[in-house]
Number of protein chains: 2
Amino acid sequence: MDKFFEVVVQFTRLSPVGQGALAAVLKRLELPKGHVLIKQNTICNHLYFVEQGLTRTYYIKNGKDVTDWISAENTFACSILSFITRQPDRRTIELLEPSVLWSVHYDDLEKLYVDYHDIERLGRLLVASGLVQLQQRFDDLHFSTALNRYKALLKSKPDYIRRVPLGILASYLGMTQETLSRMRSQI
Amino acid sequence: MDKFFEVVVQFTRLSPVGQGALAAVLKRLELPKGHVLIKQNTICNHLYFVEQGLTRTYYIKNGKDVTDWISAENTFACSILSFITRQPDRRTIELLEPSVLWSVHYDDLEKLYVDYHDIERLGRLLVASGLVQLQQRFDDLHFSTALNRYKALLKSKPDYIRRVPLGILASYLGMTQETLSRMRSQI
DNA sequence: CTGACTTTTTGACATTTATCAAAGGAGATT
DNA sequence: AATCTCCTTTGATAAATGTCAAAAAGTCAG
C-alpha cells in the first residue's frame with residue numbers, strides 16, 4: 001500500500017483521517033497473467049492501481065482487436081467511460097503480466113468524496129492527470145505518420161517496447177503489426 | 001450568466017454561497033469572429049464557457065494547421081494541457097463566430113477549490129466530463145477510416161458540419177480537406 | 001532436445017489517403 | 001456587373017499503410 005500512497009502524495013497531501021479512510025477501502029490483489037479485470041459490456045466498478053505488473057485495455061472494433069490503453073507500475077487502470085458514466089462499455093481489461101494491484105470500489109470512492117474534501121481534491125487531480133495523458137496520446141495519433149507514432153512511443157514509454165507483444169503494441173499505436181515490424185527495422 | 005449555471009447544475013448542485021463565490025469571479029466577454037483567446041506558447045490562465053458562438057483550438061504540426069478541438073454553445077474551451085500543467089502549450093484558441101463567453105481565471109478557481117468543497121466537486125466532474133469527451137473523440141480516431149470518422153461526426157456533432165469551414169473540419173477529423181470533400185459526396 | 005505453438009519478419013500486391021494543380025462557386029466590395 | 005477573396009470540388013498521380021501468405025525466430029512443456 002506504501003507504493004499507492006507514494007503516488008497519491010505527488011498529487012496532493014491527504015489529511016491523516018482522509019488517508020486512513022482511503023486505506024480502509026483499498027483491496028490488494030495478486031493475479032496471474034491473462035486474468036480479466038473487467039469484462040466487455042459490463043459496468044466498471046473498480047479503479048485499479050498497478051503496484052507491479054502490466055495491464056491492457058482493449059475492445060473489438062469491426063472484428064479487430066484494438067488496444068486502447070496500457071497501464072504499468074504506479075499508474076491506474078479502469079474503463080474511463082464506464083467508471084465515469086456508469087454505463088457498460090465494450091472495453092475489456094486483462095493482465096499482460098502477473099500483477100499486484102490495489103482496487104477501490106466506485107461506491108466507496110463516492111462516499112469518500114462526500115465525506116472528505118481532500119479526497120475529492122485527489123479525485124479531481126487524478127482525473128486531470130488522466131486528461132493530460134489522454135490529450136498527449138491523442139496528439140500523438142492526430143496527423144502523425146506510423147513512423148512518428150512509433151518514435152513518440154519510443155520516447156515516452158520505452159519500457160512498453162520491451163514488455164508488450166508487438167501485435168498489441170501495433171494496435172495501441174493504430175497500425176498493423178506488419179507495419180510496426182517494418183518501422184522498427186527502419187530505425 | 002444564467003446559461004452558465006444551467007450547465008453547472010447538470011454536474012452538481014452548488015450551495016448558494018459557493019454559487020455566489022463562483023458568480024463573483026466570472027467575467028462576461030463579447031468578442032468578434034477571429035479574436036484570439038489564447039496565443040500559442042503561453043500559459044492558458046482562463047477557462048472559457050461559450051454562451052453563444054464557436055471556438056476552435058489549433059496548433060501547427062510539421063507546418064500544417066491542426067484543429068484539435070471545437071467548442072460550441074454551453075461547452076468549455078481552454079488548452080487542457082496548459083491549464084492543468086501550468087506550462088506553455090503550442091495551442092491557439094480563436095473564435096470562428098462572434099461569441100459571448102464567460103471566463104474564470106485559474107487562480108480564482110484554485111482559491112474556490114480550497115474554500116468550497118462543492119466547487120472542488122464541480123471541478124472534478126467537469127474534468128471527468130472532459131475526459132469522457134476526449135476518450136470518445138480518441139475512439140473515433142483510433143483505427144477508423146476517413147469515411148467512418150466523418151460519419152461519426154455527422155452523428156455526434158451534426159451542427160459542426162454546417163457551422164465550421166470544411167478545411168478546419170477536415171483537420172479536426174485528421175484528414176485533408178480534399179478527402180473530406182470526397183467523403184461528403186460519397187454519402 | 002524436440003515438436004508444438006506463438007510471435008515476428010518478409011514479400012507481393014491492393015487500398016486508402018495525401019499531394020499537387022486547377023477549376024468552380026459564393027459572398028463582399030467597388 | 002466586374003473584381004476580389006475565400007472556400008470547395010474535381011482530377012491525376014504519388015505515397016503510406018493494409019492485407020494476405022509464408023517463412024523465420026523464439027518459447028515452452030514434455
Side-chain angles (χ1 to χ4, degrees), chain A residues 32-35 54 56 58-67 70 94-98 139-154 157-187, chain B residues 32-36 54-56 58-68 70 94-98 140-154 157-187:
Chain A
K33 176 173 169 172
H35 181 90
L54 198 63
R56 81 152 177 146
Y58 71 96
Y59 56 93
I60 305 301
K61 186 173 196 167
N62 306 322
K64 280 174 199 156
D65 180 311
V66 174
T67 295
I70 292 168
E94 63 167 23
L95 301 181
L96 291 180
E97 298 178 356
D139 292 352
D140 286 341
L141 200 59
H142 202 193
F143 276 110
S144 275
T145 62
L147 184 58
N148 282 336
R149 299 202 297 276
Y150 176 60
K151 280 184 186 165
L153 185 74
L154 213 51
K157 308 274 181 185
D159 55 316
Y160 287 7
I161 284 151
R162 284 181 294 98
R163 294 170 74 182
V164 180
L166 184 103
I168 289 174
L169 210 54
S171 157
Y172 177 77
L173 289 171
M175 64 187 79
T176 61
Q177 80 172 30
E178 292 94 331
T179 297
L180 178 54
S181 174
R182 286 173 178 122
M183 296 299 123
R184 187 195 285 210
S185 67
Q186 260 187 51
I187 290 191
Chain B
K33 175 174 169 172
H35 181 90
V36 170
L54 198 62
T55 76
R56 80 153 176 143
Y58 70 96
Y59 57 92
I60 306 301
K61 186 172 196 167
N62 306 322
K64 279 175 202 157
D65 180 311
V66 174
T67 295
D68 176 65
I70 292 169
E94 64 168 22
L95 301 181
L96 291 180
E97 299 178 356
D140 286 341
L141 201 59
H142 202 193
F143 276 109
S144 275
T145 61
L147 184 57
N148 282 336
R149 298 203 296 278
Y150 176 61
K151 280 186 186 164
L153 185 73
L154 213 52
K157 308 275 183 183
D159 54 316
Y160 287 6
I161 284 151
R162 284 180 294 99
R163 295 169 74 182
V164 179
L166 184 102
I168 290 174
L169 210 55
S171 157
Y172 177 77
L173 289 171
M175 64 186 79
T176 62
Q177 79 173 31
E178 291 95 330
T179 297
L180 177 53
S181 175
R182 286 173 178 121
M183 298 298 124
R184 188 195 284 211
S185 68
Q186 261 186 50
I187 291 190

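Values reported hereafter were calculated over all heavy atoms of this structure, with side chains retained and with hydrogens, waters and symmetry mates removed. Residue numbering restarts at 1 for every chain, and letters A, B, ... go by the order of the sequence lines. These numbers come from a predicted model, not from an experiment.
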Distance in angstrom units between [X] [atom1] and [N] [atom2], rounded:
X: Lys33(A); N: dT6(C); atom1: NZ; atom2: C1'; answer: 10 Å
X: Leu166(A); N: dT10(C); atom1: CG; atom2: P; answer: 12 Å
X: Leu180(A); N: dA16(D); atom1: CG; atom2: C1'; answer: 15 Å
X: Gln186(B); N: dT10(D); atom1: CD; atom2: C1'; answer: 14 Å
X: Met175(A); N: dT9(C); atom1: CE; atom2: P; answer: 13 Å
X: His142(A); N: dT17(C); atom1: NE2; atom2: P; answer: 14 Å
X: Met183(B); N: dT10(D); atom1: CE; atom2: P; answer: 13 Å
X: Leu173(B); N: dT17(C); atom1: CG; atom2: P; answer: 12 Å

So which heavy atom on [X] is nearest to which on [Y], and how close?
X: Ala146(B); Y: Thr179(B); value: CB-CG2, 4.0 Å
X: Tyr172(B); Y: His142(A); value: O-NE2, 3.4 Å
X: Leu180(A); Y: Tyr150(A); value: CD1-CD1, 3.4 Å

Of the nucleotides [options], which has the atom closest to the [X] side chain?
X: Ser185(B); options: dT17(D), dT10(D), dT10(C); result: dT10(D)
X: Lys64(B); options: dT19(C), dA18(C), dT17(D); result: dT19(C)
X: Arg184(B); options: dT17(C), dT9(D), dT8(C); result: dT9(D)
X: Thr179(A); options: dT10(C), dT19(D), dT17(D); result: dT17(D)
X: Ser181(A); options: dT19(C), dT9(C), dT9(D); result: dT9(C)
X: Gln177(A); options: dT17(D), dT8(D), dT8(C); result: dT8(C)

Check your understanding: Out of curiosity, Leu54(B) CG to Ile168(B) CD1, how far, rounded to the nearest 0.5 Å?
Key ->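 Here the interatomic distance stands at 9.0 Å.
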
Check your understanding: Does Arg56(B) pair with Asp65(B) as a salt bridge, N-O distance under 4.0 Å?
Key ->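 Yes, this pair counts.
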
Review point. On a plain distance test, is the side chain of Arg182(A) in donor-acceptor contact with the base of dG11(C) below 3.5 Å?
Key: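 Flag set: donor-acceptor pair detected.
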
Practice item. Report yes if at least one side-chain N or O of Thr176(B) is closer than 4.0 Å to OP1 or OP2 of dT17(C); otherwise report no. Key: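 Thr176(B) to dT17(C) OP1/OP2: no side-chain N or O under 4.0 Å.
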
Check your understanding: With nearest nucleotides of DNA chain D determined for Glu178(A) and Ser144(A) from heavy-atom distances, which residue corresponds to the more 5′ nucleotide?
Key ->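 Of the two residues, Ser144(A) wins.
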
Check your understanding: Quick one: on DNA chain C, does Phe143(A) or Gly167(A) contact a more 5' nucleotide (nearest heavy atom)?
Key ->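 Taking each residue's closest nucleotide, the earlier one in sequence belongs to Gly167(A).
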
